[in-house]
Amino acid sequence: MKKKVLQKYTRESRPRPINPPSASLPFSELGGSYGNRGYGALELCLLDDPSATSQSASCAQVVADAPETLPGAINGSVPTFLAKWEKAWSTHIKLEHFAGDLFNVTELESRVANTRDVKYWAAPVHEGNIVTAEFAFKDGRVVGFGLVGGIWGAGDGAKSPTGASIVERAEVWFDKT
């Protein structure tokens, strides 16, 4: 079952362009604490950051735990943020760089496997939507990021927000805190 879910997710995910443009700011400046009144607080931790000393102790722990608690879920060749996302349906959220200020979003579930060979298993929580995150900036600083692609679960008949900026069209908006 898990293998079929992973194969389906891999088939349906949007492939990253070859030589994508970089984000507007260095990836290290996009990480940190964010908040949303409904979804709560999260801390985006940059994986494989050579300047990881600038990240918090909690991020250092998330980064250190990722290979064990999320086996096979991280592509080390793509700039990636990971955050604890303790929801009923998932344990982590991953933002994997796509192009510019746009990131592919994956909700992940990690559970104890209770076997000798494997301590944890991990799988994407995927409902057929391609969810993306886009960062917004003001005066050369990150102000937040928005999620689009059906993550909010509004249901049939609900219209997605529209607008020119990610702030206007985000289904879920996280302010930088």
Side-chain angles (χ1 to χ4, degrees), residues 2-3 5-6 9-10 13 16 20 22-98 101-127 130-137 141-147 149 151-152 166 170-177:
K2 181 173 55 169
K3 187 175 181 178
V5 170
L6 288 170
Y9 177 77
T10 301
S13 293
R16 186 174 192 236
S22 295
S24 296
L25 292 175
F27 292 115
S28 60
E29 292 186 34
L30 302 179
S33 298
Y34 292 84
N36 171 282
R37 287 184 189 169
Y39 286 80
L42 61 81
E43 185 176 18
L44 292 180
C45 305
L46 182 58
L47 301 177
D48 295 328
D49 179 12
S51 64
T53 56
S54 65
Q55 295 194 92
S56 69
S58 56
C59 265
Q61 192 64 54
V62 167
V63 170
D65 291 347
E68 182 179 30
T69 60
L70 298 167
I74 307 299
N75 178 351
S77 68
V78 177
T80 302
F81 289 97
L82 186 64
K84 289 287 220 168
W85 181 257
E86 298 292 346
K87 307 297 179 199
W89 60 91
S90 58
T91 58
H92 296 79
I93 188 167
K94 175 178 76 168
L95 280 64
E96 192 173 74
H97 185 248
F98 180 73
D101 299 321
L102 192 64
F103 290 71
N104 283 324
V105 175
T106 307
E107 291 177 78
L108 297 165
E109 181 179 8
S110 173
R111 299 290 177 225
V112 175
N114 287 328
T115 68
R116 284 187 209 182
D117 299 332
V118 180
K119 291 184 180 182
Y120 292 88
W121 65 264
V125 178
H126 184 61
E127 296 178 4
I130 295 177
V131 177
T132 58
E134 185 177 343
F135 286 85
F137 308 90
R141 299 180 67 140
V142 180
V143 293
F145 70 90
L147 300 176
I151 193 164
W152 64 342
I166 186 59
E171 295 166 2
V172 179
W173 176 257
F174 284 89
D175 287 304
K176 179 90 171 171
T177 56

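The structure presented is a predicted model; accordingly, all values stated were derived computationally and were not measured.
For the atom pair CZ (Arg16) and CZ (Phe103), the distance works out to 9.0 Å, reported to the nearest 0.5 Å. With rounding to the nearest 0.5 angstrom, the CG atom of Asp101 is 10.0 Å from the OG atom of Ser22. Going from atom NE2 of His92 over to atom CG of Leu70 covers 4.5 Å, rounded to the nearest 0.5 Å. Considering CG of Leu102 and CD1 of Ile166, their distance stands at 8.0 Å, rounded to 0.5 Å. With rounding to the nearest 0.5 Å, the separation of CG in Leu147 from CG in Leu95 is 7.0 Å.
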*Quick one: do Lys94 and Ile74 satisfy side chain to side chain contact (heavy atoms under 4.5 Å, CB included)? Show the steps, please.*
CA-CA 9 Å; Lys94 175 178 76 168; Ile74 307 299; 3.8 Å; yes

*asked:* Run the side chain to side chain contact (heavy atoms under 4.5 Å, CB included) test on Arg141 and Leu25 for me, step by step, so that the C-alpha distance in whole Å, both residues' side-chain angles and the decisive distance to 0.1 Å come before the verdict.
replied: CA-CA 8 Å; Arg141 299 180 67 140; Leu25 292 175; 5.7 Å; no

*How far apart are the C-alpha atoms of Val105 and Phe98, what are their side-chain angles, what is the distance that settles it, and do they pass the side chain to side chain contact (heavy atoms under 4.5 Å, CB included) test?*
CA-CA 10 Å; Val105 175; Phe98 180 73; over 6 Å; no

*Would you check, one step at a time, whether the test side chain to side chain contact (heavy atoms under 4.5 Å, CB included) holds for Thr106 with Ile93?*
CA-CA 6 Å; Thr106 307; Ile93 188 167; over 6 Å; no

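Residues Thr177 and Tyr34 approach most closely at OG1-N, 3.7 Å, considering heavy atoms. The two residues Ser110 and Thr91 come nearest to each other via the heavy atoms N-OG1, 3.0 Å. Heavy-atom minimum distance, Pro79 versus Phe27: CG-CE1, 3.5 Å. A pairwise comparison of heavy atoms in Ala122 and Pro71 identifies CB-CD, 4.0 Å as the closest pair. Heavy atoms only, all atoms of each residue included: Glu29 and Lys176 are closest at O-NZ, 3.9 Å. Between Leu44 and Gln55, the shortest heavy-atom distance links the atoms O-OE1, 4.4 Å.
In terms of modelled atom types and a separation under 3.5 Å, the side chain of Asn36 and the main chain of Trp173 share a donor-acceptor contact. The main-chain N or O of Val78 is found under 3.5 Å from a side-chain atom of Thr80 such that the two form a donor-acceptor pair. With Glu171 contributing its side chain and Gly149 its backbone, the two residues share a donor-acceptor pair below 3.5 Å.
Within the structure, no pair that satisfies the ring pair (Phe, Tyr, Trp, His ring centres under 6.0 Å) test touches residues 55-75, not counting sequence neighbours.
Not counting sequence neighbours, Pro67 has no partner by the side-chain contact (heavy atoms from CB on, under 4.5 Å) test.
Note: Phe145 and Phe135 have tilted aromatic rings, judged against thresholds of 30 and 60 degrees for the angle between ring planes.
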Compile the donor-acceptor pairs under 3.5 Å between side chains in residues 81-88 and protein atoms, sequence neighbours left out, one pair per line.
from, atom 1, to, atom 2, distance (Å)
Trp85, NE1, Ser90, OG, 3.2
Trp85, NE1, Glu107, OE1, 3.2
Lys87, NZ, Tyr39, O, 2.6

